[in-house]
Participant: 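My structure is below; once you've seen it, I'll send some questions.
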2 protein chains.
Amino acid sequence: MSQTSRSTPATLHDVAREAGVSLATASRSLNGSTRKVNEAYRQKVLEAAARLGYTPNLSAQAVARGTTTTVALLVADIADPYFSSIAAGVVGQADSERLIVTMAETDRDSARELELVRAMRGQRPRVMILASSRRADDPAADALQAELTAYEQTGGRVVFISSTDQAFRTVELENRAGARALATEMVGLGYRRFGALMGPEGLRTGEDRIAGFTEGLVAAGFDLPADRTARTRFTRDGGYEGMRELIARGIGDTQLVFALNDVMAMGAMSALRDAGLEPGLDVAVAGFDDIPTVRDVTPTLTTVRLPLEEVGVRALRLALAESDADSGSPVPTEVVVRESTPRLADAV
Amino acid sequence: MSQTSRSTPATLHDVAREAGVSLATASRSLNGSTRKVNEAYRQKVLEAAARLGYTPNLSAQAVARGTTTTVALLVADIADPYFSSIAAGVVGQADSERLIVTMAETDRDSARELELVRAMRGQRPRVMILASSRRADDPAADALQAELTAYEQTGGRVVFISSTDQAFRTVELENRAGARALATEMVGLGYRRFGALMGPEGLRTGEDRIAGFTEGLVAAGFDLPADRTARTRFTRDGGYEGMRELIARGIGDTQLVFALNDVMAMGAMSALRDAGLEPGLDVAVAGFDDIPTVRDVTPTLTTVRLPLEEVGVRALRLALAESDADSGSPVPTEVVVRESTPRLADAV
DNA sequence: CTGTTAGCGCCTTCAG
DNA sequence: CTGAAGGCGCTAACAG
């Protein structure tokens, strides 16, 4: 608003002049790592800098040093609690490592993701974290792989979240094992006839979870009939529509519907209710992720807990770690049984 | 993972050599705005760049051009749907303006916010968007103001979200008017005895909403008695605890509790339920923001709708606009009545 | 310990 | 239209 005349930010040069020392001394006092500078000079420089409101130009530092302090984060959908929680973890950890994070959104479009990776490469980030969705049949996969390999060869570090079988460091999420455990637990509660809300074909995370869930059922002697499943988007509305579809097709005697993530499960519960069915009572519902809000819906949602923020923290740590092997223990996963899947004697 | 020898990213110099042209020509072909370069040369350069996997070094460009393509975004809490929705808007808009966004989290701590602003200044961002919380009695306010003014004087543009009375561009949210309208509407539904979950003392957004709500009640001849209110944090758990406190103090014949945001309202509803009370039936609840999940809780939550993503979009647009006056129309706000506040005859 | 001097990678006048 | 050269803000040898 203020219409004061516009100037340029103070440069190190200005500070040096103001303090009556050389550029080098100013640089050393302000940003030099091993301080070997007369305390008196140092003070003068610090004061001059304060007086001038000097802030080192990070771009210039990056050019001169040949290295940045940036971490690039790619997510599918920022507003989705799954990704925003991971992002919170990354940003928090970055902060304590004095790193800056830049963020972009892929919308689960792998062509777009590839573009973004290329673009972000321009920032010469120290680290690139890909929390976007992997897919099995990705046509852009090779190009992405090439791009990322080139990036790593120039000193960058890439970390994937959730996906496997990539030639890069990965924070593995136990999508499959978690879903299998969930299935086992549900069978234990007395459920026998299952349905599921699946994601778009080929999207890894979703396929893994469904596969794990199926595995668990099969191990117990049950199955997941195709006519009790529906494919939709990964979103709340996807879940809503998917459930509507199941209902429209005749949900029949399905006892429990597994939605491959909590947001979908929540949409699904609303769809049930809107159709006059009581989630948990008429049809049980289970999700995956354990996002914060699932404790506040009615009935509270049974799900598989994933420590999302910690996943973000780990991703950055893993990226910064010296050795590849340092993936550490797998991210702990835990089935959390809540009201949406009562013991079968109680309901359903 | 790959143990290939590590090299450096291709530079413009490399591209020029590979293409057999001068640095200048390469620069002009690749990034020059007004392209006045022989098409044949241009092709050669483009090919060379592709062959080398060249990506312009943004830091170097920034230093040379004296301007970046960065927008810095400060939020209080990334994982909170309110902020993540705004962030999604900012990131989306930034993307279509070919800008990069860097993000940091203040935790609603104004000292921290000041630090972050200083730090972000080092990036020389074109724009700085502050969606963090303002407070009335902020001891760091002057310092922040000074820092931001200095930033604007060196060509930066700052935009606040939600707060007023700042000497900077602002995307005004009608916190007060929205809450007032909500109060009026609630009175219209037959409610007479109100309580509220307030935020930490001094936090602008919260105070404005409570003030507006009170205003609306008073205008209708009612009030918000202090003993029916509790102060807590802005979070879901804050809402839960606040409601617990109200209940512990004896919620008495309170008919409706206004929580100053949806996350708190959702926590509050859970607290009611955990205490054996039925939200909407025993005690009505209303929130503010209209975050996505409020449609999926039971009862669905009455609230004041704020187009959060659009707020983010507007913030960036406003920052980029030539003229100050271009704040455009105020962000539309709208009371959305849902099941958590049934017409009084129906319940309560 | 301090100052001088090359760069870092890129852009942009300025002559040709 | 092209190339040579200087400069952006900063760092990092290198001498002193």
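Residue numbers start from 1 in every chain, and the chains themselves are labelled A, B, ... in the order their sequence lines are given, proteins ahead of strands. Keep in mind it's a predicted model, so treat the numbers as computed, not measured.
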Participant: Side-chain donor-acceptor pair under 3.5 Å between A:Ser162 and A:Thr205, yes or no?
Facilitator: yes

Participant: Just how far, in rounded Å, is P of C:dG9 from CZ of A:Arg124?
Facilitator: 9 Å

Participant: State whether A:Glu115 and A:Arg112 are salt-bridged, where the test is any N-O pair (Lys NZ or Arg NE/NH1/NH2 against Asp/Glu carboxylate O) under 4.0 Å.
Facilitator: yes

Participant: Which listed nucleotide (D:dT11, C:dT2, C:dC11) is nearest to the side chain of B:Ser27?
Facilitator: C:dC11

Participant: Could you check how far CG of B:Leu12 sits from P of D:dC8, rounded to whole Å?
Facilitator: 19 Å

Participant: Could you tell me the separation between the CG atom of A:Leu52 and the P atom of D:dG9, rounded to a whole number of Å?
Facilitator: 14 Å

Participant: Could you tell me whether the side chain of B:Thr25 reaches within less than 4.5 Å of the side chain of B:Ser29, counting heavy atoms only?
Facilitator: yes

Participant: If you measure from CG on A:Leu73 to CD1 on A:Ile86, what distance do you get to the nearest 0.5 Å?
Facilitator: 8.5 Å

Participant: Going by salt bridge (charged side-chain N to carboxylate O under 4.0 Å, His left out), name the residues that satisfy it together with B:Asp137, two or more places apart in sequence or in a different chain.
Facilitator: B:Arg135

Participant: Going by heavy atoms in the side chains, are B:Ile161 and B:Ile129 under 4.5 Å from each other?
Facilitator: yes

Participant: N/O contacts under 3.5 Å, protein versus nucleotides 3-6 of chain D?
Facilitator:
unit_1 : atom_1 : unit_2  : atom_2 : d
D:dG3  : OP2    : B:Ser22 : N      : 3.2
D:dG3  : OP2    : B:Ser22 : OG     : 3.3
D:dG3  : OP2    : B:Thr25 : OG1    : 2.7
D:dG3  : N7     : B:Arg28 : NH2    : 2.7
D:dG3  : O6     : B:Arg28 : NH1    : 3.3
D:dG3  : O6     : B:Arg28 : NH2    : 3.4

Participant: Applying salt bridge (Lys or Arg N to Asp or Glu O under 4.0 Å) as the test, list every pair that has at least one member in residues 48-61 of chain A; sequence neighbours left out.
Facilitator: A:Glu18-A:Arg51

Participant: Output the rounded distance in Å from CD (A:Glu39) to C1' (C:dT2).
Facilitator: 15 Å

Participant: Mind jotting down which residue pairs meet the side chain to side chain donor-acceptor pair (under 3.5 Å) criterion with at least one end in residues 65-89 of chain A? Sequence neighbours excluded, please.
Facilitator: A:Thr67-A:Arg126

Participant: Between atom CZ in A:Arg121 and atom P in C:dG9, what is the gap in whole Å?
Facilitator: 15 Å

Participant: Please assess A:Leu99 against A:Leu320 for the test side chain to side chain contact (heavy atoms under 4.5 Å, CB included), listing each intermediate value before the final yes or no.
Facilitator: CA-CA 11 Å; A:Leu99 260 25; A:Leu320 265 21; 3.9 Å; yes

Participant: Does D:dT11 have its OP1 or OP2 closer than 4.0 Å to a side-chain nitrogen or oxygen of A:Asn31?
Facilitator: yes

Participant: Do A:Phe160 and A:Leu148 have side chains that approach each other closer than 4.5 Å (heavy atoms only, starting at C-beta)?
Facilitator: yes

Participant: Whether B:Lys44 and B:Glu47 form a salt bridge (side-chain N of Lys/Arg under 4.0 Å from carboxylate O of Asp/Glu) is what I want to check.
Facilitator: no

Participant: When the axes are fitted on five pairs at both termini, how much does the helix from C:dC1-D:dG16 to C:dG16-D:dC1 curve, in 10° steps?
Facilitator: 40°

Participant: Using whole Å, what does the distance between atom C1' of nucleotide D:dG9 and atom CZ of A:Arg17 come to?
Facilitator: 14 Å

Participant: So what does A:Thr11 touch, heavy atoms closer than 4.0 Å: a base, only the sugar-phosphate, or nothing?
Facilitator: sugar-phosphate

Participant: Mind calculating the distance between NE2 (A:His13) and C1' (D:dC10) to the nearest angstrom?
Facilitator: 12 Å

Participant: Could you list by number each residue of residues 57-70 of chain A showing a heavy-atom separation from DNA chain C of less than 4.0 Å, or answer none if no residue does?
Facilitator: A:Val63, A:Ala64

